[in-house]
Peer 1: 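Structure in structure tokens, see below.
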Amino acid sequence: MWNLFVVLIAVLVYVFTSDFFKQVNPVKYTSQLPEKFSGGLATNELLDKAERLHENNILWPESFAEYKGQLYTGLGDGRIVRITDKEVVPITRTGKDCEGIFEEHICGRPLGMTFNKEGRLFVADAYHGLFSIDINTGKKVNILPSKTIVEDLPLTLLNSLTFDDKEENLYITQSSSRWNISHVIVSIIEHDTSGRLLKFNMKTKKVSVLLKDLAFPNGVVLSHDKNALLVAEGMQNKVFKYHIGGPKKGLNEELSMLLPGEPDNLKRSKNGYWVTVATARSQENPTLLDRFSDKPFWRALLLHIHRLTTLPISTVLKFVPDKRAKEIGFELLTGRLIADYLLDYGLVLEFDDKGNILRSFHSPSGKITHLSEAFEHNGYLYLGSWRNKYLGT
């Protein structure tokens with residue numbers, strides 16, 4: 001009984017004195033979801049038919065970019081690679097050589113990527129910032145380090161980006177200015193609204209903040225007419241249009257669609273735009289997080305329970321001389337192992353400039369899930385993932 005009391009006191013001391021406890025700050029919000037899957041969202045099983053390329057030979061191919069008919073992606077071990085149906089060709093690594101994914105802050109974690117018209121590849125790394133890469137030599141330049149301070153805040157968790165060749169501007173989403181990618185579960189459960197939309201001019205090297213107080217902004221893409229940016233605001237289940245030119249310059253425009261979950265990356269299609277949805281659901285089957293959206297205390301408690309139960313295990317496993325043990329410890333602490341079991345519905349949809357959903361591909365069985373991006377290439381739709389060990393097509 002005395003031992004239990006001592007443990008309880010130790011836990012309470014940790015909770016009320018730790019930096020983690022002081023930083024966690026869930027807010028009350030309202031979860032917005034469509035009533036049911038209908039119209040362009042009507043349920044099907046088309047996504048279940050996707051093929052898997054390079055299964056178990058690549059890890060977490062987050063985003064894609066194409067140049068002169070060749071496809072490139074960034075992997076969870078920090079590598080930038082060129083992809084064909086038959087091979088995976090290494091180009092460079094955003095970070096340094098590392099032992100495994102439990103050292104992703106060393107390896108690097110490339111997320112969004114895009115080319116300019118000269119064939120220079122730009123990559124947003126969640127830990128290290130913005131890179132410019134020569135795909136022919138593999139030479140990389142960290143042109144905007146994450147420690148750079150912009151309006152009193154560092155460039156934590158840069159995520160997606162798009163390039164405007166005419167103005168030579170890179171537009172970048174910063175998903176959170178409070179948490180890094182290893183704490184994404186905290187940002188999501190908090191409903192963190194510290195995200196920003198940034199502009200980086202290649203000529204002046206100046207960074208400016210276009211929008212702030214965003215709830216986990218994720219994908220960003222230049223509209224077909226190049227007068228606007230479409231931005232996926234993940235924790236608001238919406239995509240909005242921010243005008244960078246024309247008569248509406250500087251204005252936000254809400255699109256008409258209500259997404260059935262959190263949008264991830266955005267890419268242009270022939271008729272509109274592709275977006276993947278992280279946790280597809282409707283009002284008929286909300287998640288536990290939806291049910292507790294107006295109960296910040298209980299969400300904070302959940303985060304602390306998760307931290308208290310996984311931190312000791314993760315700490316012990318760090319000292320086990322086995323790579324897989326260290327990976328398990330890291331993925332327990334980050335909450336990614338939990339996501340493997342909670343996210344069980346895959347969804348990709350196409351929408352137009354006004355927010356009309358044109359079509360959707362579903363995987364109700366969860367055969368194809370954990371998707372981060374859909375990218376058209378050579379007549380196929382390539383499916384990126386923040387979690388899968390294969391490339392879907």
Peer 1: Classify the side-chain pair His362/Glu45 by whether it contains a donor and acceptor separated by less than 3.5 Å.
Peer 2: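 Glu45 and His362 do not have a side-chain donor-acceptor pair below 3.5 Å.
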Peer 1: Give the ring-plane orientation class for Tyr273 versus His224, where under 30° counts as parallel, over 60° as perpendicular and anything between as tilted.
Peer 2: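 Aromatic pair Tyr273/His224 classed tilted.
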Peer 1: Does any non-hydrogen side-chain atom of Val239 lie less than 4.5 Å from one of Phe351?
Peer 2: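 Heavy-atom side-chain distance check passes, below 4.5 Å.
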Peer 1: Is there side-chain contact between Glu253 and His243, with heavy atoms separated by less than 4.5 Å?
Peer 2: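 Glu253 vs His243: side chains touch.
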Peer 1: Closer than 4.0 angstrom, basic N to acidic O: yes or no for Glu190 and Arg178?
Peer 2: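 Looking at Glu190 and Arg178, the cut-off is met.
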Peer 1: For Lys140, is there an ion pair with Asp134 - N to carboxylate O distance below 4.0 angstrom?
Peer 2: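 Salt bridge flag = no for Lys140 with Asp134.
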Peer 1: Between Arg281 and Glu262, does any side-chain N to carboxylate O distance fall below 4.0 Å?
Peer 2: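 Salt bridge between Arg281 and Glu262, a charged N being under 4.0 Å from a carboxylate O: yes.
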Peer 1: Answer with yes or no whether the side chains of Thr287 and Asp290 bring together a donor and an acceptor at under 3.5 Å.
Peer 2: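 Result is yes, a qualifying pair exists.
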Peer 1: Could you verify whether a donor N or O on one side chain and an acceptor N or O on the other, from Asp48 and Ser363, lie under 3.5 Å apart?
Peer 2: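 A donor-acceptor contact under 3.5 Å links the two side chains.
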Peer 1: Heavy atoms, side chains only, cut-off 4.5 Å: are Lys49 and Ile368 in contact?
Peer 2: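 Of all side-chain heavy-atom pairs linking Ile368 with Lys49, none is under 4.5 Å.
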Peer 1: So that I can tick it off, tell me whether Arg336 and Glu104 are bridged by a salt bridge, with the cut-off set at under 4.0 angstrom between side-chain N and carboxylate O.
Peer 2: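 A salt bridge links Glu104 with Arg336.
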Peer 1: Grab the two heavy atoms, one from Ala280 and one from Tyr345, that are nearest each other, plus how far apart they are.
Peer 2: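 Taking Ala280 first and Tyr345 second, the nearest heavy atoms are CB-CD2, 3.5 Å.
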Peer 1: Do other residues, nucleotides or ligands put more than 12 heavy atoms under 6.0 Å from Glu87 CD?
Peer 2: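 Yes.
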Peer 1: Does a side chain donor of either Asn159 or Asn218 reach within less than 3.5 Å of an acceptor in the other side chain?
Peer 2: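 Yes, side-chain donor-acceptor contact under 3.5 Å.
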Peer 1: Among Ser177, Ser175, Ser187, which residue meets the side chain to side chain donor-acceptor pair (under 3.5 Å) test with Asp192?
Peer 2: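 Going through the options one by one, the only one that passes is Ser187.
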Peer 1: Which atoms form the tightest heavy-atom contact between Ile58 and Leu53, and what is the distance?
Peer 2: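 Residues Ile58 and Leu53, closest heavy atoms: CD1-O, 4.4 Å.
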Peer 1: Taking 4.0 angstrom as the limit, do Glu376 and Lys267 come out as a salt bridge?
Peer 2: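 Judged by the 4.0 Å cut-off on N to carboxylate O distance, Glu376 and Lys267 do not form a salt bridge.
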Peer 1: Check this for me: does any side-chain nitrogen of one of Glu284 and Lys36 sit under 4.0 Å from a carboxylate oxygen of the other?
Peer 2: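 Salt bridge between Glu284 and Lys36, a charged N being under 4.0 Å from a carboxylate O: no.
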Peer 1: Below 4.0 angstrom, N of the basic side chain to O of the carboxylate: do Asp77 and Arg79 qualify?
Peer 2: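 Salt bridge present between Asp77 and Arg79.
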Peer 1: For the residue pair Phe122 and Phe115, is the inter-centroid distance of their aromatic rings smaller than 6.0 Å?
Peer 2: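 That pair fails the under 6.0 Å test.
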Peer 1: From Leu111 CG over to Glu373 CD, what is the distance, rounded to the nearest 0.5 angstrom?
Peer 2: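 Leu111 CG to Glu373 CD: 10.5 Å, rounded to 0.5 Å.
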Peer 1: With hydrophobic residues grouped by side-chain heavy-atom distances under 4.5 Å, do Val209 and Phe200 end up in a single group?
Peer 2: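 They do share one cluster, since a chain of ILVMFWY contacts under 4.5 Å joins Val209 to Phe200.
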Peer 1: Are any of the side-chain nitrogens in Asp322 or Lys326 under 4.0 Å away from the carboxylate oxygens of its partner?
Peer 2: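 Salt bridge between Asp322 and Lys326, a charged N being under 4.0 Å from a carboxylate O: no.
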Peer 1: With heavy-atom distances below 4.5 Å as the criterion, would you say the side chains of Val220 and Ile172 are in contact?
Peer 2: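 Of all side-chain heavy-atom pairs linking Ile172 with Val220, none is under 4.5 Å.
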Peer 1: I want to check something: taking the side chain as every heavy atom from C-beta on, are Ser132 and Leu121 in contact at a cut-off of under 4.5 Å?
Peer 2: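 In short, these two side chains do not touch, never coming nearer than 4.5 Å.
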Peer 1: Are any non-hydrogen side-chain atoms of Leu47 and Leu383 less than 4.5 angstrom apart?
Peer 2: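 In contact.
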Peer 1: Does this structure show an ion pair linking Arg387 with Asp340, if we count only N-O contacts that are shorter than 4.0 Å?
Peer 2: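 Salt bridge between Arg387 and Asp340, a charged N being under 4.0 Å from a carboxylate O: yes.
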Peer 1: Are Thr173 and Leu214 side-chain neighbours, meaning at least one heavy-atom pair lies under 4.5 Å?
Peer 2: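 Heavy-atom side-chain distance check fails, nothing below 4.5 Å.
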Peer 1: Measuring only between side-chain heavy atoms, which start at C-beta, is Ile357 closer than 4.5 Å to Glu350?
Peer 2: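 Side-chain contact under 4.5 Å: no.
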Peer 1: Going by atom types only, do Asn388 and Tyr390 share a side-chain donor-acceptor pair under 3.5 Å?
Peer 2: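 Asn388 vs Tyr390: donor-acceptor pair found between side chains.
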